[in-house]
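Structure first, then comments.
Because the structure is predicted, anything quoted here is derived from the model rather than measured.
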Amino acid sequence: MEALLPVLKSHPGPSVLVCSLIFRLAHQLLQRLPVPKVVKQDAFRSWKWKNLSVSMVHSVLTGIWALTCVVVWPETLSDIHSYHTPLSYLLVCVSTGYFVHDATDIILSGHAKGSWEFLLHHALVIWCFLYALYTQLYVAGAVIALFVEVNSVTLHLRLMLKLASAQSSTLYYVNKLTNLFTYIMFRLTTQFYLTWFIIHNYSWLDHGGYFLVSMMVMNIMILIYFYRLLRADFFPRSCAGQNGMHNNNTKKFISD
């Protein structure tokens with residue numbers, strides 16, 4: 001790892017592209033796994049399933065990786081601006097490669113218009129992470145930001161179960177409760193902690209204004225999605241007609 005770090009730091013852009021290609025390879029390999037019949041019958045569901053499969057791999061990998069970095073090196077939580085280790089730098093590099101891959105997949109598959117919020121999120125993340133990789137600043141902040149991937153595991157599982165029409169299953173019920181807990185614990189808490197850190201230390205942070213604006217945009221997005229999540233999973237009667245499995249509203253159904 002010590003020998004790899006100088007290569008990564010001297011060529012962060014190409015390193016990210018290599019990681020992106022690795023996720024593309026994973027995308028191809030995951031297509032060999034069995035897919036529910038109901039998913040195969042719909043073009044959008046089929047694409048979404050493949051896309052979520054790669055996202056699940058990224059979330060499991062980086063979520064555990066990020067938590068491990070903080071447990072082993074607690075300084076990550078306090079020195080968000082300057083502290084990083086070889087493993088944390090590699091983590092940010094790998095994760096940036098995933099977001100490049102996912103954005104490219106959304107655009108090339110023709111789903112950019114219906115997934116504009118994901119592209120906006122990815123653009124903000126990629127820019128912030130690339131800044132960290134090129135300047136070697138805020139790497140710890142990027143690692144903390146990846147705590148949200150713990151919640152992304154349950155979010156991706158939720159959508160995959162919906163794609164498979166398994167909303168009435170016990171697994172979906174257990175997952176929606178787990179998803180609520182992880183959303184609050186790992187997504188909302190993480191975002192608000194990073195926002196607090198930027199505001200509290202704004203006077204001396206490099207490019208603090210840009211990062212504060214980026215965090216505020218993402219905070220608005222996650223609060224809106226949290227509202228949609230609560231409405232769809234815990235107050236379904238208030239959104240009757242939006243959760244049906246009709247072909248003409250499949251995309252809307254999946255987005256809730």
Side-chain angles (χ1 to χ4, degrees), residues 4 7-8 11-66 68 87 89-130 133 142-143 145-166 171 175 179 182 187 221 225 250-251 253-255:
L4 178 62
V7 178
L8 295 176
H11 305 286
S15 299
V16 167
L17 292 179
V18 170
C19 292
S20 179
L21 291 175
I22 292 174
F23 278 105
R24 185 61 189 177
L25 176 61
H27 179 274
Q28 297 299 321
L29 294 175
L30 289 169
Q31 292 187 35
R32 300 181 181 182
L33 297 178
V35 178
K37 185 178 180 180
V38 66
V39 173
K40 293 181 180 179
Q41 295 173 344
D42 183 271
F44 175 76
R45 293 188 190 209
S46 181
W47 167 78
K48 191 66 176 177
W49 183 276
K50 297 173 185 176
N51 180 269
L52 285 171
S53 297
V54 181
S55 298
M56 180 68 83
V57 171
H58 168 260
S59 294
V60 171
L61 174 65
T62 59
I64 295 174
W65 194 341
T68 301
L87 271 179
Y89 190 91
L90 178 60
L91 167 60
V92 177
C93 187
V94 169
S95 190
T96 307
Y98 160 75
F99 285 111
V100 170
H101 155 77
D102 196 53
T104 302
D105 182 52
I106 291 173
I107 294 171
L108 295 182
S109 62
H111 296 289
K113 184 177 180 180
S115 305
W116 66 267
E117 66 267 41
F118 293 104
L119 290 177
L120 174 60
H121 170 269
H122 286 9
L124 291 172
V125 171
I126 290 170
W127 178 252
C128 290
F129 281 17
L130 283 177
L133 292 174
V143 171
L146 287 170
F147 281 12
V148 303
E149 295 302 328
V150 176
N151 169 244
S152 292
V153 173
T154 54
L155 276 178
H156 297 329
L157 179 57
R158 172 183 178 271
L159 289 179
M160 294 179 84
L161 290 171
K162 293 184 75 173
L163 287 169
S165 299
L171 178 58
N175 184 72
N179 187 41
T182 58
R187 190 171 295 271
M221 293 175 67
Y225 193 82
T250 297
K251 295 183 181 180
F253 171 79
I254 298 302
S255 68

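Contact check for Ser165 versus Arg45: side-chain heavy atoms found under the 4.5 Å cut-off. Using a 4.5 Å heavy-atom threshold, the side chains of Val35 and Ser46 count as separate. Counting heavy atoms from C-beta outward, Trp65 and Val94 have side chains that approach closer than 4.5 Å. A 4.5 Å side-chain heavy-atom check between Asp42 and Trp49 finds every atom pair outside the cut-off. When side chains are defined from C-beta on, Leu120 counts as touching Met221, because their heavy atoms get closer than 4.5 Å. Under the 4.5 Å side-chain criterion, counting only non-hydrogen atoms from C-beta, Thr68 is not in contact with Leu87. At least one side-chain heavy atom of Met56 sits under 4.5 Å from a side-chain heavy atom of Leu157.
To the nearest 0.5 angstrom, His101 atom NE2 is 7.0 Å from Ser55 atom OG. Between His156 atom NE2 and His58 atom NE2 the span is 8.0 Å, to the nearest 0.5 Å. Remark: Asn175 CG to Leu159 CG distance equals 9.5 Å, nearest 0.5 Å. Here CG of Leu61 is found 6.0 Å from CZ of Phe23. Values are rounded to the nearest 0.5 Å.
Between Cys19 and Gly97 the shortest heavy-atom distance is CB-CA, 4.0 Å. Across Cys93 and Leu8, no two heavy atoms sit closer than the pair SG-CD2, 4.3 Å. The two residues Leu146 and Ala66 come nearest to each other via the heavy atoms CB-CB, 3.9 Å. Summarising the geometry of Val16 relative to Leu133, their closest heavy-atom pair is CG2-CD1, 3.6 Å, with the distance given to 0.1 Å. Residues Arg187 and Asn151 share a closest heavy-atom pair of NE-OD1, 2.6 Å. Of all heavy-atom pairs spanning Ser15 and His11, the tightest one is OG-O, 2.7 Å.
Between Phe44 and His111, the ring planes lie perpendicular to each other; the angle is over 60°, past the 30° to 60° tilted range.
Results of the side-chain contact (heavy atoms from CB on, under 4.5 Å) test with Phe99 over Leu130, Ile126, Leu124, Thr104 single out Ile126 as the only residue that passes.
Under the side chain to side chain donor-acceptor pair (under 3.5 Å) criterion, the residue pairs touching residues 17-28 are His27-Gln31, with sequence neighbours excluded.
No side-chain donor from either of Thr62 and Ser95 sits under 3.5 Å from a side-chain acceptor of the other.
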message: Show, in sequence, the C-alpha distance, side-chain angles and deciding distance for Asp102 and Val54, and conclude whether the side chain to side chain contact (heavy atoms under 4.5 Å, CB included) test is met.
response: CA-CA 8 Å; Asp102 196 53; Val54 181; over 6 Å; no

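Side chain of Ser109 to backbone of Ile106: a donor-acceptor contact under 3.5 angstrom is found.
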